[in-house]
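Labels below follow one simple rule: chain letters A, B, ... track the order of the sequence lines, proteins then strands, and each chain is numbered from 1. All heavy atoms count here, side chains included; hydrogens, waters and symmetry mates do not. Keep in mind the model is a prediction, meaning the values are calculated, not measured.
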Protein chains: 2
Amino acid sequence: MVTVHDVAARSGVSIATVSRTLREPHRVSEDTRVRVLAAVDELGYRPNRAARSLRQGRTGIIALIVPDIENPYFASMTKGAQVMCRARGYGLVVVDTTERADIEDEEVRALRSQTDGLILASSRLPDERLAEIADATPCVLVNRRLTGAAAATPSVTIDEEAAARAAVDHLYGLGHRRLAYVGGPERSWSQARRSAAMAGAARSLPGLEVVQLAGCVPTSDGGRAVAREVLATGATAVVAYNDLIALGLLAQWTETGVRVPGDVSLVGFDDTYVTGLVTPPLTSVGVDLRELGDAAVELLIDAIDGPAAGGEGGTRSIVPRLAVRASTAAPGVG
Amino acid sequence: MVTVHDVAARSGVSIATVSRTLREPHRVSEDTRVRVLAAVDELGYRPNRAARSLRQGRTGIIALIVPDIENPYFASMTKGAQVMCRARGYGLVVVDTTERADIEDEEVRALRSQTDGLILASSRLPDERLAEIADATPCVLVNRRLTGAAAATPSVTIDEEAAARAAVDHLYGLGHRRLAYVGGPERSWSQARRSAAMAGAARSLPGLEVVQLAGCVPTSDGGRAVAREVLATGATAVVAYNDLIALGLLAQWTETGVRVPGDVSLVGFDDTYVTGLVTPPLTSVGVDLRELGDAAVELLIDAIDGPAAGGEGGTRSIVPRLAVRASTAAPGVG
DNA sequence: CTGTTAGCGCATTCAA
DNA sequence: TTGAATGCGCTAACAG
């Protein structure tokens, strides 16, 4: 291992100058700088992160905690976070909790002191616990917002109101008057908001009915399982809690002779890359997930660098777009 | 931050005893042990990783370097690695190189000294560079094997021979005599082996022809783009370099009235979770990807803990299974 | 502009 | 079985 001492010896300066050359180049003279940098280069010197962390009390590492890295939603988000971290000179540790709150809690406890901050995506932890965490360490929530005393906790959320409205407006505009919303896990924070947003969007449109189903497992198999039940609502168009459920519905229907969008139109949520994998490609509403990851990282770095950023801390709500593809059409058409 | 000093003070022992209690519990007396552990618990003490790393010269961190975390193949692999790392007490840093060799090289350089070892999955680096890296730091390759002087570099690979044979045997058994193989990127190590394995598998079966196409972009759009060309080969069954290409073929064909498996049977490679998202579900051949991640982590930890494990270092070839689903049938049937 | 020095938190050696 | 002392590599005062 090459250390500051090696570089110092090689370039004929003290270790302090080596360190200074690297951290505050403007504070050393032109020719020492080139000499030191040359030595750094020749020796392949890399500052030891552990030593630096120990000294500075900051690690340069951010932890991103997700329920399931296999889920395309979090995979894309992770990608965004990754890229942003690289750009901002931070390292990123990704932790997959396999949807388990106990593992999430344990990981948070372990990571809290070993990183500069946490990003908790779609956390399974209760509000009170999140408030504690936010109180003790820089942290950004994704798809979650705290209220009360902890309301200032930075968070990135999706404007579910706008999302639901976009989906419903689109279907209403096509002529649909009876919709079904296939809800996700009942305890999910996003589900609660999506469900409410769907109901709200419906109320503002005359003659529109929205039937809600709840508690669908948010996977394609979950969608398959409720395919028949959804059809039985008599809806001419269906909005699903997420793309995977929508794909399950689509697969099951296709296999049983139900045509999309001929017999029923279908809209997914999140607009993940799987929408393009199927026939017909799935209309879906969602944000750019990489942007979601980006935003979370930026907010976190702000929180780390300037904890005195002033009150708000920064809660960002991202407005989604509706990507219209081939799974939606006017009722009875297609 | 709670340090050994706090714990020592609280339990009335020296910091050395605290450290010992945690690392070598058998070397302290029963009652000091309980006293110290109680203090640890009450104070919520967590050893500082940076300090420990600095002292011990090892970080307890493994880096997993993948080309694209959004790719379901690597997402699943990552999940496996993650779980195994947790179980073995290591931390895992996941790095996405966005398919760029230069970023991969840079990340390797940066991570080499800050982690205990590297897992390079489907590396884009040339053999010589990989050999250098393997020489300088504990490392495990996935989907890559080195030859010559560096042949002992630990690696986990898929038995492509067996995979191709399974796919071809299946189709041959159904009665297909003219197959097409849609190859992936020409410079890919896996592509070269898959292509050769397909040709080899074909030779051993009388009356079987395999037409090979090459250079397909390994995404569903890539598959869509060559759908027509593949059909023009006159093959009654098609094997694709990966599942995404297969899904692209399927989508494009479905949209143009070509029936799978009625007009053409389709087999994917890798057996990722997307195979279940479409209609018909895709027959695919591949290994359990989580196991792939598991295996890589285990091999790496072996390499770290016992660098004198004796010659081989351990190169593991995993035998894939063929998952028969609905996208394959006898020619003219379905 | 540069060098000397202290100490971050911990594991470990050496004495006791 | 325990404690005192050392130093891992680095950065940030401070002194020159």
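Closest of all the heavy-atom pairs between A:A121 and A:V66 is CB-CG1, 4.1 Å.
Position along DNA chain D of the nearest nucleotide to A:P47 versus B:D31 favours B:D31 as the more 5'-ward residue. Looking at which nucleotide of DNA chain C each of B:R20 and B:V4 is closest to, the 5′-most match is held by B:V4.
In this structure, B:R27 does not reach the D:dT1 phosphate: none of its side-chain N or O atoms is under 4.0 Å from OP1 or OP2. Taking side-chain N and O atoms only, A:Q56 has no distance below 4.0 Å to OP1 or OP2 of C:dC8. For D:dT2, one of the phosphate oxygens OP1 or OP2 lies less than 4.0 angstrom from a side-chain nitrogen or oxygen of B:T32. In terms of phosphate contacts, B:R23 brings a side-chain nitrogen or oxygen within less than 4.0 Å of OP1 or OP2 of C:dA11.
Using a 4.0 Å heavy-atom distance criterion, A:S29 is classed as a sugar-phosphate-only contact. At the heavy-atom level, B:V18 lies nowhere under 4.0 Å from the strands shown. Among the protein residues, B:T17 comes within range of the sugar-phosphate backbone only, with heavy atoms under 4.0 Å from sugar or phosphate atoms but none that close to a base. Heavy atoms of A:S53 sit nowhere under 4.0 angstrom from any nucleic acid atom.
Using modelled atom types, no side-chain atom of B:S19 and backbone atom of B:I15 make a donor-acceptor pair closer than 3.5 Å. A donor-acceptor contact shorter than 3.5 Å links the side chain of A:R35 to the backbone of A:S11.
Nearest to the side chain of A:L54, among C:dA11, C:dG9, D:dC10, sits C:dG9. Considering only the side chain of B:A16, D:dG3 comes nearest among D:dG3, C:dT4, C:dG9. Here the side chain of A:V13 is nearest to one of C:dG3, D:dG9, C:dA11, namely C:dG3. Of the listed nucleotides (C:dA11, D:dC10, C:dG9), D:dC10 has the atom at the smallest distance from the side chain of A:N48.
Put simply, CG on A:D6 is 12 Å from P on D:dC8, counting in whole angstrom units. When the C1' atom of D:dT2 is taken as reference, atom CD of B:E24 falls 13 Å away, rounded to whole Å. If you measure from atom CD1 of B:I15 to atom C1' of D:dG3, you get 9 Å, rounded to the nearest angstrom. Atoms CG (B:L22) and C1' (D:dT2) sit 16 Å apart, rounded to a whole Å.
Side chains of A:N143 and A:S122: a donor-acceptor N/O pair is present below 3.5 angstrom, by distance only. For the residue pair A:R46 and B:S113, no side-chain donor N or O sits within less than 3.5 Å of a side-chain acceptor on the partner.
Using a 4.0 Å cut-off between a side-chain N of Lys or Arg and a carboxylate O of Asp or Glu, B:D127 and B:R144 qualify as a salt bridge.
Residues from residues 106-118 of chain A with heavy atoms under 4.0 angstrom of DNA chain D: there are none.
When the side-chain hydrogen bond (donor to acceptor under 3.5 Å, both in side chains) test is applied to B:D288, no partner is found at least two apart in sequence or on another chain.
Partner A:K79 forms a side-chain hydrogen bond (donor to acceptor under 3.5 Å, both in side chains) with one of B:D96, B:T98, B:N71 and no other, that one being B:D96.
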